[in-house]
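In what follows, a structure is listed as structure tokens, so that the remarks can point back to it.
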Number of protein chains: 2
Amino acid sequence: MTLPAPKLPHYRRLYEMLRKQIIDGVFTEDDLLPSENELCAIHGLTRPTVRHALDALVNEGFIGKHQGKGSIVQKLPKGIGILSIAGTTSALGGKNLRSELLVKPYVKAWDDPFMFKLSETELNSGCIHMERIRYYNDKPIFYDINFIPNINVPRFTSRSFENNSLFDVLRNAYQVEIKGGEQKIRAIEASATISQHLAVKSGHPVLHLERKFDTNKPGFFIYSSIYCNTEEQAVYGIF
Amino acid sequence: MTLPAPKLPHYRRLYEMLRKQIIDGVFTEDDLLPSENELCAIHGLTRPTVRHALDALVNEGFIGKHQGKGSIVQKLPKGIGILSIAGTTSALGGKNLRSELLVKPYVKAWDDPFMFKLSETELNSGCIHMERIRYYNDKPIFYDINFIPNINVPRFTSRSFENNSLFDVLRNAYQVEIKGGEQKIRAIEASATISQHLAVKSGHPVLHLERKFDTNKPGFFIYSSIYCNTEEQAVYGIF
DNA sequence: ACATTAAACTTGTATATACAAGTAATTATG
DNA sequence: CATAATTACTTGTATATACAAGTTTAATGT
């Protein structure tokens, strides 16, 4: 995984700029973006190049194009793969949501057996293991165990993750983006350990998800095992 | 929801043709598609038009493009939103999987309250309600309740669904395609009704998913409530 | 003041052309 | 026969141009 090229293609620069403007709130839902012709004039680019950038924004769910009318900003796409609490709008950041690092990231060999089949490269690199508890209204609702292949993620173990999205860190510091993934879901009876972490009675039903995230880096996946207490709130996810 | 236009744009016709060839097995995983120049010659189109079709195939996960090498067919994208059993490769069709209609599709008013907020149009149209049980090795594992808005789906209630994917029927008969969606997941104790349908003891943990599927038709969503027995096999899904 | 028509805007589709950058195949050389 | 160089292929990026089709705005007529 190399550092990004210092020179991005024109269409990509425009795409990143517009994307950032939407995320930063410069354009918000239902706003019209500058027209294709305006963007050509502003950036000294041609329509096919501008359209290429806009197509990418459409594909990622940031805007919708309407012939004759313009490019309209949509509600910020909720991250595919991010779990939250039904009824809240973000995984973290709401006043009643907070996250606590239970086990700081450290490098270890993969658990054997592991929940998903691993490639040779992954097996040889070991993984970074970390555990977090997420609280809603001071009640533990998620017990989250992450396994990140120790491939090209220098100084990962020294980063701070409390109240930070793991995915944001990966995107901003390592240019790793989540593209989707697969998951195995079970309803299980809470074991002694799980009931301790999630503050439920032993034997109480809890949700268990084993997830494998695809990223924009070929061959680089992120793994996660999550236990959830859904007694009061359902777990919410986009797929 | 209108019928598709009799005349498709060139790029779209090429996209649909290549997509069908991949699905039908004319091209299989790891095959090289004809090059862009070859497709231009074969179809009397220009490279930007051909590339537009190929870009759509990339976006949907059918192919990957490799500079200098060619366009390579990928494993058929597993339907987003389709649930299956961990370890099997399709929702239905495997020898050990079969589906049984418990309640034939019929038109009714929406349950009130309903698991997701409904639009005015949806409320006024009523929904088509149907219930199925899915078996794995003759054991009931899914109890699936679907709610399809009664909007532009003529003669839906007279179709046969046993051993047919609801999504395939929607795509082939009504040009409705699933684009993703959202879900609320809970681990619950099986009620008397659920334990009867899924052949588990009352009070045993079962999975409950409430799902809202986005489609290619603006404003048209499909809803589903699924109870799953995950005692022996996890539920598997792509997101 | 309102309705109708025309003009001016928007995105959608498509062709044409050129050069950059990566990979595979062919040819030349030792 | 092996290796290196060259050629020929591939996709990637970008400009230029034109017309179609949908929507909004401005002008005109009553």
Side-chain angles (χ1 to χ4, degrees), chain A residues 1-19 22 27 30-74 216-219, chain B residues 1-19 22 27 30-74 216-219:
Chain A
M1 180 164 40
T2 61
L3 292 173
K7 281 177 181 174
L8 286 176
H10 291 347
Y11 83 88
R12 184 80 199 182
R13 287 166 88 74
L14 180 58
Y15 157 79
E16 291 285 355
M17 192 206 76
L18 292 171
R19 180 183 184 280
I22 294 170
F27 301 109
D30 294 329
D31 281 353
L32 277 173
L33 285 185
S35 70
E36 291 174 6
N37 285 339
E38 284 175 320
L39 289 169
C40 291
I42 293 167
H43 298 282
L45 298 172
T46 56
R47 263 192 84 213
T49 304
V50 166
R51 286 177 61 78
H52 197 28
L54 294 175
D55 285 345
L57 289 170
V58 170
N59 287 333
E60 301 219 348
F62 285 98
I63 66 171
K65 281 194 188 179
H66 302 265
Q67 182 175 0
K69 185 176 273 186
S71 302
I72 301 180
V73 179
Q74 293 179 177
N216 56 332
K217 309 291 183 184
Chain B
M1 184 167 35
T2 59
L3 293 172
K7 282 177 180 173
L8 286 176
H10 292 345
Y11 83 87
R12 183 80 197 181
R13 286 165 89 75
L14 179 58
Y15 157 80
E16 292 286 355
M17 191 204 77
L18 293 171
R19 180 183 185 277
I22 294 169
F27 300 110
D30 294 329
D31 281 353
L32 276 174
L33 286 184
S35 70
E36 291 173 8
N37 285 339
E38 284 175 320
L39 290 170
C40 291
I42 293 167
H43 300 281
L45 299 172
T46 56
R47 263 192 83 212
T49 304
V50 165
R51 286 177 61 78
H52 196 29
L54 294 175
D55 285 347
L57 289 169
V58 170
N59 287 334
E60 300 217 351
F62 286 99
I63 66 172
K65 282 198 189 172
H66 303 265
Q67 183 174 1
K69 186 176 271 187
S71 301
I72 299 179
V73 179
Q74 292 178 179
N216 57 330
K217 309 290 184 185

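In the text below, chain A, chain B and the rest are named by the order of the sequence lines, each starting its count at 1. Just so it is clear, the structure is predicted and the values come from calculations on it, not from any experiment.
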Can you check whether B:Ile63 reaches B:Leu18 side chain to side chain, under 4.5 Å on heavy atoms?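 No, side chains not in contact.
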Could you check whether any side-chain heavy atom of B:Leu14 comes within less than 4.5 Å of a side-chain heavy atom of B:Thr49, counting everything from C-beta outward? no
Given atom [atom1] of [X] and atom [atom2] of [N], what is their separation to the nearest angstrom?
X	N	atom1	atom2	answer
B:Ile72	C:dT23	CD1	C1'	11 Å
A:Glu36	D:dT17	CD	C1'	15 Å
B:Leu33	D:dT11	CG	P	9 Å
A:Lys65	D:dA21	NZ	C1'	14 Å
B:Glu38	D:dT10	CD	C1'	10 Å
B:His10	C:dA16	NE2	C1'	15 Å
B:His52	C:dT13	NE2	C1'	8 Å
A:Leu32	D:dT23	CG	C1'	11 Å

Picking from [options], which would you name as closest to the side chain of [X]?
X	options	value
A:Gln67	C:dA20, D:dA20, D:dT13	D:dA20
B:Ser35	C:dG12, D:dT10, C:dT15	D:dT10
A:Pro48	D:dA16, D:dG12, C:dT11	D:dA16
B:Arg47	C:dA16, C:dA14, C:dC19	C:dC19
A:Tyr11	D:dT13, C:dG12, C:dA14	D:dT13

Quick one: is [N] close enough that its OP1 or OP2 comes under 4.0 Å of any side-chain N or O from [X]?
X	N	result
A:His66	C:dT11	no
A:Lys69	C:dT11	no
A:Asn37	C:dC9	no
A:Ser71	C:dT11	yes
B:Arg51	D:dG12	yes

CD-CG distance between B:Glu60 and A:Asn59, expressed to the nearest 0.5 angstrom: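 Answer rounded to 0.5 Å: 9.5 Å.
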Between NE2 on residue A:His43 and CE on residue A:Met17, distance to nearest 0.5 Å: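 Reported value, rounded in 0.5 Å steps: 4.0 Å.
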Look at all strands and tell whether B:Pro9 reaches a base, only sugar-phosphate, or nothing, counting heavy atoms closer than 4.0 Å. sugar-phosphate
May I ask you to say what B:Leu45 touches in the nucleic acid, namely base, sugar-phosphate or nothing, with a heavy-atom cut-off under 4.0 Å? sugar-phosphate
For DNA chain D, whose closest nucleotide is more 5', that of B:Gly68 or that of A:Thr49? B:Gly68
Tell me if a side-chain donor or acceptor on B:Gln74 pairs with a main-chain N or O of B:Gly61 at a distance below 3.5 Å. yes
On a heavy-atom basis, which atom in B:Ala53 and which in B:Tyr11 lie closest, and how many Å separate them?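 Closest approach of B:Ala53 to B:Tyr11, heavy atoms only: CB-O, 3.3 Å.
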On a plain distance test, is the side chain of B:Arg12 in donor-acceptor contact with the base of C:dG12 below 3.5 Å? no
